[in-house]
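Contents: one structure, followed by commentary.
All figures in this text were calculated on a predicted structure; none of them were measured in a lab.
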Amino acid sequence: MMSATRRQTLGDLLHRSAARHPDKLAIACGEVRWSYREFDALSDRVAAGLAARGLVKGDRFAILARNSHAFAALRFALARLGAVLVPINFMLKADEAAYILRHAGARWLATDSGLADLARAAAAQDTRVEQLVWLPSEDPSEPVPGLLRFDEIAASSAALPELDLAGSDLAQIVYTSGTESLPKGAMLSHEAVMWQYVSCLVDAGIEGGDFMLHALPLYHCAQLDVFFGPSIYAGASNVITAKPVAEHLLALIERHRISSFFAPPTVWIALLRSPRFSTTDLTSLKKGYYGASIMPVEVLRELAARLPEVRLWNLYGQTEIAPLATMLGPEDQLRKPGSCGRAVLNVETRVVDDRMQDVAPGAVGEIVHRSPQLMSGYFHDDERTAAAFEGGWFHSGDLATIDAEGYISVVDRKKDMIKSGGENVASREVEETIYRLPQVSEVAVIGIAHPRWVEAVTAVVVVKAGASLSEAEVLAHCSAQMAAFKTPKRVVFVDSLPKNPSGKLLKRELRQAYSALFDG
């Protein structure tokens, strides 16, 4: 059919890279090494095996697993069937993961040995999950009894079905936290994701000659779609690990002669502080990327001094734009410290006031975007979709300034999002959890600068008159109900919270008051 001759999907992307570089190393993970020819053929077999077991176009297929070669192959196998990937943060509690499974209507769920208990507990909570799939891990692991094995699927002799696929088809639903307590599912088409890949290739300098290390979770759109996907598109070689621990990462960089690496500032800081840093051969490393939060200027200077051959990029965006939106390049790292740069190739970005007028240089406004990379909308949520695209632009929810050269600097999060250790934490979700304690009168959750986490989740609590409450009680309550990265690092007790005359809570005053809480 004519439509197939012009098709541009994620599945086609891998086919083309395999045709160009059949014998080149595509994937290395633990003891596994696949050439592009092998990776492409395996993805076909996995797709055929899943189709033979009833997976059809449009089915939502969730993955709750750590990084592995199998995760990578499954990503492209799903694309070849027109199935919809739903990656799930493995740090969530079972009921949090179950909400995503229910909301997405996922019929399939893949997991690994270490997370199988969590996956089963989540799937059992009134979801539509019919089949659990076991994925092998970076380190050798035993299959989980009762789960369909990845290697069984990959051994399929069935033919890959001919399907009517298009770039406009839905490729993935990625759930993102907002200020609301329940996450939203951003729907991203193949076209949206691949337009974003083009922006990454052009503006982030990803090339076929790269030897890239993928250490941050593939469930996160940054690692999956800013680095892994574009790297496959370019025909680069990829080392995948599930262990983003400084000593392990340093060993991998040296062993594989890694040339390109992404991590949030927290991981770069951990590398610099490792006693093995100064004894590891890092001369192969030429490109360094960071994002998720602002890199402290002193750390930038230290990186420049200790890794003088490494060029750095700061990448900013969000799930809804697939996710790269702006970029600060190597030449501007110390010239524009703290800035997230300017819009990338396929994105138009403005900073506007409440009337959608461009703000003057230095004035604070909201970041808005137009781009073919943008999501199609929030899954089953027309109201929040309409609000996000109000006025014909996508509203990021981030407050920023823009200078005379067009460089953007995020100064606040309109929706009070906290970014701790590279993870998004919605302050309202944490607040609602703490409010469940009967002793609590009022609570405000804020992010405070932290030497390790960049921002630490901090709860400021007013206790009801006549009641008593300790920090340990609050932390235990949160830990029992939420993922560890959402649980406050500290709890501060006060007599009252600052508010303006209309009763609006002044979180900025709290951030200023407790800015030194984690110093020293």
| request: Show the numbers, then the answer: is there a side chain to side chain donor-acceptor pair (under 3.5 Å) between Q481 and T433? | output: CA-CA 8 Å; Q481 299 189 47; T433 299; 5.1 Å; no
| request: May I have the step-by-step check of side chain to side chain donor-acceptor pair (under 3.5 Å) for Q223 and N67, ending in yes or no? | output: CA-CA 10 Å; Q223 192 71 73; N67 291 3; 5.8 Å; no
| said: Apply salt bridge (charged side-chain N to carboxylate O under 4.0 Å, His left out) to residues D95 and K93 and explain how you reach the verdict. | reply: CA-CA 6 Å; D95 56 345; K93 302 287 189 181; over 6 Å; no
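Partners of R120 under the side-chain hydrogen bond (donor to acceptor under 3.5 Å, both in side chains) rule, at least two apart in sequence or in another chain, do not exist in this structure. Not counting sequence neighbours, the partners of R75 by the side-chain hydrogen bond (donor to acceptor under 3.5 Å, both in side chains) test are Q172, D225. For S237, there are no side-chain hydrogen bond (donor to acceptor under 3.5 Å, both in side chains) partners at least two apart in sequence or on another chain.
Between the side chains of D139 and S137, no donor-acceptor pair of N or O atoms lies under 3.5 Å. Side-chain atoms of Q333 and Y290 form a donor-acceptor pair, as typed in the model, at a separation below 3.5 Å. For N89 and E423, the side-chain atoms include at least one donor-acceptor pair closer than 3.5 Å. Between E348 and S371, the side chains place no donor N or O within less than 3.5 Å of an acceptor N or O (distance only, hydrogens not considered). For the residue pair S396/H369, the side-chain donor-acceptor check at 3.5 Å is not satisfied. Between the side chains of D12 and T9, at least one donor N or O lies within less than 3.5 Å of an accepting N or O. Side-chain atoms of T176 and Q318 form no donor-acceptor pair, as typed in the model, at a separation below 3.5 Å.
In summary, the aromatic rings of F261 and W268 are positioned with their centroids under 6.0 Å apart. Note: Y219 and F90 meet the aromatic proximity criterion, with ring centroids under 6.0 Å apart. Aromatic pair F227/Y289: ring centres closer than 6.0 Å.
Between the T458 side chain and the A456 main chain, a donor and an acceptor come within less than 3.5 Å of each other. One N or O on the side chain of E471 and one on the backbone of V491 form a donor-acceptor pair closer than 3.5 Å. One N or O on the side chain of K507 and one on the backbone of V445 form a donor-acceptor pair closer than 3.5 Å. The backbone N or O of F228 lies less than 3.5 Å from no partner atom in the side chain of Y233, so there is not a single donor-acceptor pair.
Of all non-hydrogen atoms in K24 and A236, the two that sit nearest each other are NZ-CA, 4.2 Å.
Judged by a 6.0 Å distance limit and a 45° cone about the ring axis, R335 is positioned over the six-membered ring of Y407.
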